[in-house]
Amino acid sequence: MDLIYPYLALVVAASVILVAKFRTGPKGFAEAGPIAAVGAALAFGLCILQWGKAATPTTGFHGFLLIDRLGVLASALACLAGAVTAVLLPHHLQRAGKDRAEVYVLLLLVIAGMMAMVQTDHLVGAFVGLETLSVGLYALSAALRERRASVEAGLKYFLTGAFASGILVFGLALVYGAAGSFSLPVIEAKLVESSGLALAGILLLLVGFGFKLSAVPFHMWAPDVYEGAPTPITGFMSTAVKVVAATALLRVLDATPAFSGQIVEAVGWLAVLTVTVGNLSALAQHSVKRMLAYSSIGHAGYLFLAFAAFLATPDTAGFSAPLAAVMHYLIAYTITNLGAFAVLSALETADGRGLTFADLGGLKSRSPVLAFTLLIMMLSLASVPLTAGFLAKWNVFAVLVERARSSEGPFFWVLLVALILNSVIGLAYYLRVISAMYMRPAPEPLPATSPVSKVVMAVCILLVIAVIWLGAGPNVLGMGADGLFSIARAAAG
Amino acid sequence: MHQVFFWIFASVAVGAGLLAITRKAALHCALSLVVSFVALAGLYFQLKAPFPGILQVMLYAGAIMVLVIFVIMFLNAPEEDPSEKISKPGVIASVFLLIPFAALLIGVILHSNLPVPAAVAPDFGTVASIGTRLFGTWTWVFEVLSLLLLAALVAAVLLAKKRLD
Amino acid sequence: MANDPKAYLVVSVLLFAIGMAGFLIRKNLLIVFLSVELMLNAGALAILVFARLYGDTDGHVFFFLILALAAAESAVGLSMVIALYRLRHKLDTDDLVELRG
């Protein structure tokens, strides 16, 4: 029973909002946002409480629910992203003149689906969780349904998402055909030697997950959806979805060691394509939100680089450095990108027009707190030292170097070069945001932004503190980089 | 006898599936798809899966497709028929990527070592066996599925309700 | 099972490929959506074939879940189509141009 406390917190909060909304009727229900934020924060806390016990994995519900550190960490990140989103949403929706309680119900159900996706080692359990989060997010992208951009984003996401689901189902069918079970431990035991059927199935699963993680060439939907969806939802999609999809993909790939040799190159080239296309396209953007959309594609590419190293590392019992690097990257990226989207959401105008670089001009004097937050987040995304992003990318770099030195052939050196070159490209467009805020004059006339609530400001400041604290090295408060890496390491161990 | 039925059902399923993506009007496509789904249900019966076969007819060909057809009839704008357009890059991708992909997959299947069909229990594929499994060991998945259906319900309200606040 | 199971699987691959082709070729939103339904059914057929091969009821349960998923997806997808239609009175993927892709 205590295994599902985080789920209960989310579902109870969702039910309270639903019932209260029925009772208030068409008047609107202003408390929905705070209730959702509290529910998600509570679930986050309950996940943290599970961390200690999760050191020894426990199962429940006939082995379908698996509480281990990897799942608990990914769930906690999803809850954190959800809580921040629930804080940002009311400001965003009210500015658009909408106050929709249904949005918060969907947000909470999506988080529960995300947790179900990562807290299982059964393929169907993970698949149903994935569909729960997808169905919720299709609707959340289209939540501002009076705006064409939002509805189009929802439809595009829906069509590509349904297509990806179709591919995933077929991939699951083939894996099931090869192994005779949907349970990952059984699959790992059965698939000791390579078979064409299983390989085809795993590659189809990789394509399906590639859509969800917006890996190139399955990324076509991502920029449009990220740009059209309500900004806080974009922040949520670009962080939480990546966390849980990457975690679930890790579990699948981890259970099929017999195929690692064949898949590692596919993942490697996917990674190189994804970082390169993501970062180069980000350079050419005028809209800040769209730039961040491409940047998040680029970051998915860095994740895939670490995946390649993970697959190429011989399966040893216990701790795996590449797995720890993936989780570390996810933690740093989630916190950083949430901060960036919090600022973006606060700065947008009521007409829903996308923010351009020119709109950021003179932000340092107009709103020093938001400007400083965006500054820190951009530095962290560019992985400048003393930020969380730096240590995370350093870890990916380190595992790639390790792989390149111990493996034959130039493959991992190619991946390493892709990582370095793209980090330089990334620096260029992240610095463009900073120079727009700090060097350029304010635009004439000033964009009509609405005042930002204190809660949003507080969230921004907290995220800045987290990014600096997690990045500043082990000496700050006794638990900085080391602490973060040890959490990731514990999850990987 | 089984052979004959297999070939009838398989060719109807594939043929109607082809019609479903090539007919011009959306309504014709949907109706072809219904035919394809019913033929698939026939295949399910041959696979000793009577309950999935019944669900396929009642829920898939019945409920879900009726919903789709309802929306098509509800929205069909008579003045212009956009369904006549096809995507050129899509055609090129289909010819150069999809046909080799399908051929490869068929090759993999033909060369794979599938197990000999196991002897099955007499209640295989019945409501009782599936229900026992679903509400026995698969409870957790069923619970998550309930969240999925609730999310779909709320999503439909959010997107299609006439007047929102 | 009366036939070689591989014959059933070839049917399922053909349906899957037809569904993908429909997704790539057609532009009418509703037909694109129908193509995805065909892909789901192809997967379901393959799963039932393997369930029969292994004599395993889990495959049948997964079929049930796919059905529920298809229902949920069509509810959300169709309400989104209605929302778009209210704004535009047209149903064509070419019209999804507000966002430059």
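Each chain gets a letter, A, B and so on, in the order the sequences are listed, and its residues count up from 1. Side chains are part of it too, since the values below use all heavy atoms of this structure and drop only hydrogens, waters and symmetry mates.
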Chain B contact via C:V13 - side chain, backbone, both or neither, heavy atoms under 4.5 Å: side chain

Side chain / backbone / both / neither for B:A30 at chain C, heavy atoms under 4.5 Å: both

Interatomic spacing from CG in C:L9 to CG in B:L105 - rounded to 0.5 Å: 9.5 Å

Nearest atoms (heavy-atom pairs only) where C:S79 meets B:A156: OG-CA, 3.7 Å

Greatest number of heavy atom pairs closer than 4.5 Å to chain B - which of C:S74, C:A21, C:A83, C:G19: C:A21

Steps toward side-chain contact (heavy atoms from CB on, under 4.5 Å) verdict (B:Q56, C:N41): CA-CA 9 Å; B:Q56 173 85 4; C:N41 269 273; 2.9 Å; yes

Residue selection (most heavy-atom pairs with chain B, distance under 4.5 Å) from C:D58, C:D56, C:V76, C:I82: C:D58

Option in C:A70, C:S35, C:A75 with maximal non-hydrogen atom pairs under 4.5 Å from chain B: C:A70

Gap between atom CD1 of C:I31 and atom NE2 of B:H28 - 0.5 Å precision: 10.5 Å

Minimum-distance pair of heavy atoms, taken over all atoms of C:L15 and B:S36: CD2-OG, 4.4 Å

Polar side-chain atom of C:R52 near backbone of B:Q46 as donor-acceptor pair, under 3.5 Å: no

B:L18 versus chain C, the contacting section by heavy-atom distance below 4.5 Å: both

Contacting moiety of B:V116, where chain C heavy atoms sit under 4.5 Å: backbone

Proximity breakdown for B:L110 and chain C, heavy-atom pairs closer than 4.5 Å: both

Chain C contacts, top residue of B:L149, B:V120, B:I64, B:T137 (heavy-atom pairs, under 4.5 Å): B:I64

When B:P52, B:C29, B:G17, B:A152 are compared by non-hydrogen pairs under 4.5 Å with chain C, the top option: B:P52

4.5 Å side-chain heavy-atom contact, B:S87 and C:I25: no

Structural part of C:A44 lying under 4.5 Å from a heavy atom of chain B: both

Gap separating the CZ atom of B:F51 from the CZ atom of C:F64, nearest 0.5 angstrom: 6.5 Å

Spacing of B:L55 atom CG and C:L67 atom CG [to the nearest 0.5 Å]: 5.5 Å

C:V49 and B:L43, any side-chain heavy atoms less than 4.5 Å apart: no

Portion of B:L67 that has a non-hydrogen atom of chain C nearer than 4.5 angstrom: both

Sub-4.5 Å side-chain heavy-atom contact between C:H60 and B:L47: no

Which atoms of B:F101 approach chain C - backbone, side chain, both or neither, heavy atom under 4.5 Å: side chain

Side chain / backbone / both / neither for C:E37 at chain B, heavy atoms under 4.5 Å: both

Selection from B:L97, B:L59, B:L98 maximising heavy-atom pairs under 4.5 Å formed with chain C: B:L98

Beyond-backbone contact of C:K6 with B:L114, side-chain heavy atoms, under 4.5 angstrom: yes

Separation of C:S12 OG from B:L40 CG (nearest 0.5 Å): 9.5 Å

Side-chain donor or acceptor of C:R26 paired with backbone N/O of B:I21 under 3.5 Å: yes

Aromatic ring proximity B:F6/C:Y8, centre distance under 6.0 Å: yes

Residue pair C:L65 / B:W138, side-chain heavy-atom distance below 4.5 Å: yes

Top contributor to chain B contacts, counting heavy-atom pairs under 4.5 Å, from C:L69, C:L38, C:L14, C:V10: C:L38

Heavy-atom side-chain proximity of B:M65 to C:L34 below 4.5 angstrom: yes

Proximal component of B:I130, with respect to chain C [non-hydrogen, under 4.5 Å]: both

Chain C interface, residue from B:A49, B:A151, B:A13, B:A155 that has the most non-hydrogen pairs under 4.5 Å: B:A49

Close side-chain approach of B:Y60 to C:L40, heavy-atom, < 4.5 Å: yes

Neighbour count >12 (heavy atoms, 6.0 Å) for atom CZ, B:F5: no

Atom of B:A10, atom of C:V11 and distance for their closest heavy-atom approach: CB-CG2, 3.7 Å

Under 4.5 Å from any heavy atom of chain B - which part of C:F33: side chain

Heavy-atom side-chain proximity of C:F63 to B:Y44 below 4.5 angstrom: yes

